[in-house]
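Letters A, B, ... mirror the listed sequences (proteins, then strands); counts begin at 1. All values below come from the heavy atoms of this structure, side chains included, with hydrogens, waters and symmetry mates left out.
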Number of protein chains: 2
Amino acid sequence: MNYTEFEQCGLKRSMEVLSGKWKPLILHHLFHEKEIRFIELWRKMPRVSKKVLLEQLQQMQEHRIVERIERNDFPPQVAYRLHPDTKSLGPALQMLEAWGKSR
Amino acid sequence: MNYTEFEQCGLKRSMEVLSGKWKPLILHHLFHEKEIRFIELWRKMPRVSKKVLLEQLQQMQEHRIVERIERNDFPPQVAYRLHPDTKSLGPALQMLEAWGKSR
DNA sequence: GAAATGGGTTACCTGAAAGTAAACTTCTTT
DNA sequence: AAAGAAGTTTACTTTCAGGTAACCCATTTC
């Protein structure tokens, strides 16, 4: 019995980085908007606190799911967009979206 | 701002029922084996306790991800297989599997 | 009749995820 | 100078998924 199978399952690894209470919604928005400011995203998701939203985004950044773009304008302007690696997930996520809707 | 969007996001709904520490691995096995006994599944995943494995399976049953088949033989024989509704997820999950492996 | 089997239950514990609330920073507007 | 905006941080609390360990039940085999 090889225990490494545990770590090798690609599905598990994918799900790990995609799951989190607010991540699917973030992905949903980013797939539709291509780039969105932090504050805008927050306005679209008024039930999360800024803190938690930020945490989710930071984790997604570490996992290379999203990219953070900072323009040192004033007022501070930070935007998020999908990381290029994530774009190939589009079709899979669309299927999940449709499947989730139809139940 | 409509809060119901929160509940309507299909991606969120999908992820909710698919995520859980051991569910991706369970899915992985069920997609490969079509039907598998509880004890067999447990042997393939020796790092989960029976209790937790059972919990995951029960949740997946409630969510109509898997089906439970009971044969009242002796010793008790219970098997799990994918629920028909889940089979259409095959392609999406394969993509996630591949994506997860390639990083 | 003792032990093993397969599926499941019970009771209890722990850590990480998520929530709440407030404050900080740097600049702009009034 | 006061107030507000955008992004972030700090500190503290609550919740719950998952973990451990032991036990139950019906039958079979030794």
Side-chain angles (χ1 to χ4, degrees), chain A residues 1 3 6-7 9 12-13 15-27 29-30 33 35-63 65-81, chain B residues 1 3 6-7 9 12-30 33 35-63 65-81:
Chain A
M1 185 75 64
Y3 290 155
F6 177 71
E7 286 84 20
C9 172
K12 182 177 202 307
R13 302 239 306 250
M15 295 296 292
E16 272 170 7
V17 300
L18 300 178
S19 62
K21 185 154 176 188
W22 304 95
K23 289 177 190 171
L25 258 172
I26 294 175
L27 284 169
H29 290 302
L30 290 185
E33 306 230 0
E35 175 169 328
I36 188 167
R37 292 187 62 185
F38 177 79
I39 199 83
E40 277 305 308
L41 186 56
W42 188 48
R43 288 204 187 99
K44 286 177 189 294
M45 299 169 57
R47 316 239 277 209
V48 217
S49 66
K50 277 171 155 193
K51 180 208 138 199
V52 170
L53 180 56
L54 195 61
E55 278 171 1
Q56 303 273 310
L57 285 166
Q58 285 168 344
Q59 289 167 19
M60 292 170 88
Q61 222 185 314
E62 284 167 25
H63 294 138
I65 306 298
V66 304
E67 284 180 325
R68 200 185 96 114
I69 308 124
E70 187 170 354
R71 306 202 170 81
N72 39 1
D73 261 346
F74 217 88
Q77 187 154 338
V78 173
Y80 293 86
R81 67 156 94 105
Chain B
M1 185 75 63
Y3 291 155
F6 178 70
E7 285 83 20
C9 172
K12 183 181 200 309
R13 303 238 306 251
S14 299
M15 295 296 291
E16 271 169 7
V17 301
L18 299 178
S19 62
K21 184 152 174 191
W22 303 95
K23 289 177 190 171
L25 257 172
I26 294 174
L27 284 169
H28 177 93
H29 289 304
L30 290 185
E33 305 230 359
E35 175 170 329
I36 187 166
R37 295 187 59 184
F38 176 79
I39 198 84
E40 277 303 307
L41 186 56
W42 189 46
R43 289 205 186 99
K44 286 178 189 296
M45 300 170 58
R47 318 239 276 210
V48 217
S49 67
K50 276 171 156 194
K51 180 208 140 200
V52 171
L53 181 54
L54 196 60
E55 278 172 4
Q56 303 273 311
L57 286 166
Q58 285 169 343
Q59 290 168 18
M60 294 171 87
Q61 223 186 314
E62 284 167 24
H63 293 139
I65 307 297
V66 304
E67 285 180 325
R68 200 185 95 113
I69 309 125
E70 186 171 353
R71 305 199 172 83
N72 39 1
D73 261 346
F74 215 87
Q77 188 154 337
V78 173
Y80 293 87
R81 67 158 93 105

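- At least one side-chain heavy atom of B:Leu57 sits less than 4.5 Å from a side-chain heavy atom of B:Leu41.
- One atom, OH of A:Tyr80, and another, P of D:dA6, lie 14 Å apart when rounded to the nearest Å.
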Item to check | Working for side-chain contact (heavy atoms from CB on, under 4.5 Å), residues B:Met45 and B:Ile26 | outcome: CA-CA 9 Å; B:Met45 300 170 58; B:Ile26 294 174; 4.0 Å; yes
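- Between the C1' atom of C:dG7 and the CH2 atom of B:Trp42 lies a distance of 11 Å, rounded to the nearest Å.
- Within the 4.0 angstrom heavy-atom criterion, only backbone atoms of the sugar-phosphate kind lie near A:Ile39; the bases stay farther away.
- If you take CZ of A:Arg71 and C1' of D:dA5, they are 18 Å apart, rounded to a whole angstrom.
- With sequence neighbours excluded, no residue satisfies salt bridge (charged side-chain N to carboxylate O under 4.0 Å, His left out) with A:Glu62.
- Computed from coordinates, the B:Ile69 CD1 to C:dG7 C1' distance equals 15 Å when rounded to whole Å.
- A close approach under 4.0 Å does occur between a side-chain nitrogen or oxygen of B:Arg43 and OP1 or OP2 of C:dG6.
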Checklist entry - Where along nucleotides 18-30 of chain D does protein come under 4.0 Å, by heavy atom, of base (B) or sugar-phosphate alone (S), with - for untouched nucleotides? => result SBB-----BB---
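- The two residues B:Gly20 and B:Gln56 have their closest heavy-atom pair at C-OE1, 3.8 Å.
- Legend: residues meeting salt bridge (charged side-chain N to carboxylate O under 4.0 Å, His left out) with A:Lys51, ordered by chain and number and at least two apart, are A:Glu55.
- Within the 4.0 angstrom heavy-atom criterion, no nucleotide atom of any strand lies near A:Glu70.
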Item to check | Test salt bridge (Lys or Arg N to Asp or Glu O under 4.0 Å) applied to B:Glu16 and B:Arg13, step by step | outcome: CA-CA 5 Å; B:Glu16 271 169 7; B:Arg13 303 238 306 251; over 6 Å; no
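- For the pair A:Leu53 CG and D:dT9 C1', the computed distance is 15 Å after rounding to whole Å.
- At whole-Å resolution of the value, CD in A:Gln77 and P in C:dT28 are 14 Å apart.
- To the nearest angstrom, P of C:dA17 lies 14 Å from CD of A:Gln58.
- At C:dG7, one or more side-chain N or O atoms of B:Arg37 fall inside 4.0 Å of OP1 or OP2 (strictly under the cut-off).
- The distance from atom CE of A:Met60 to atom P of C:dA18 is 12 Å, rounded to the nearest whole Å.
- One N or O on the side chain of B:Trp42 and one on the backbone of B:Val48 form a donor-acceptor pair closer than 3.5 Å.
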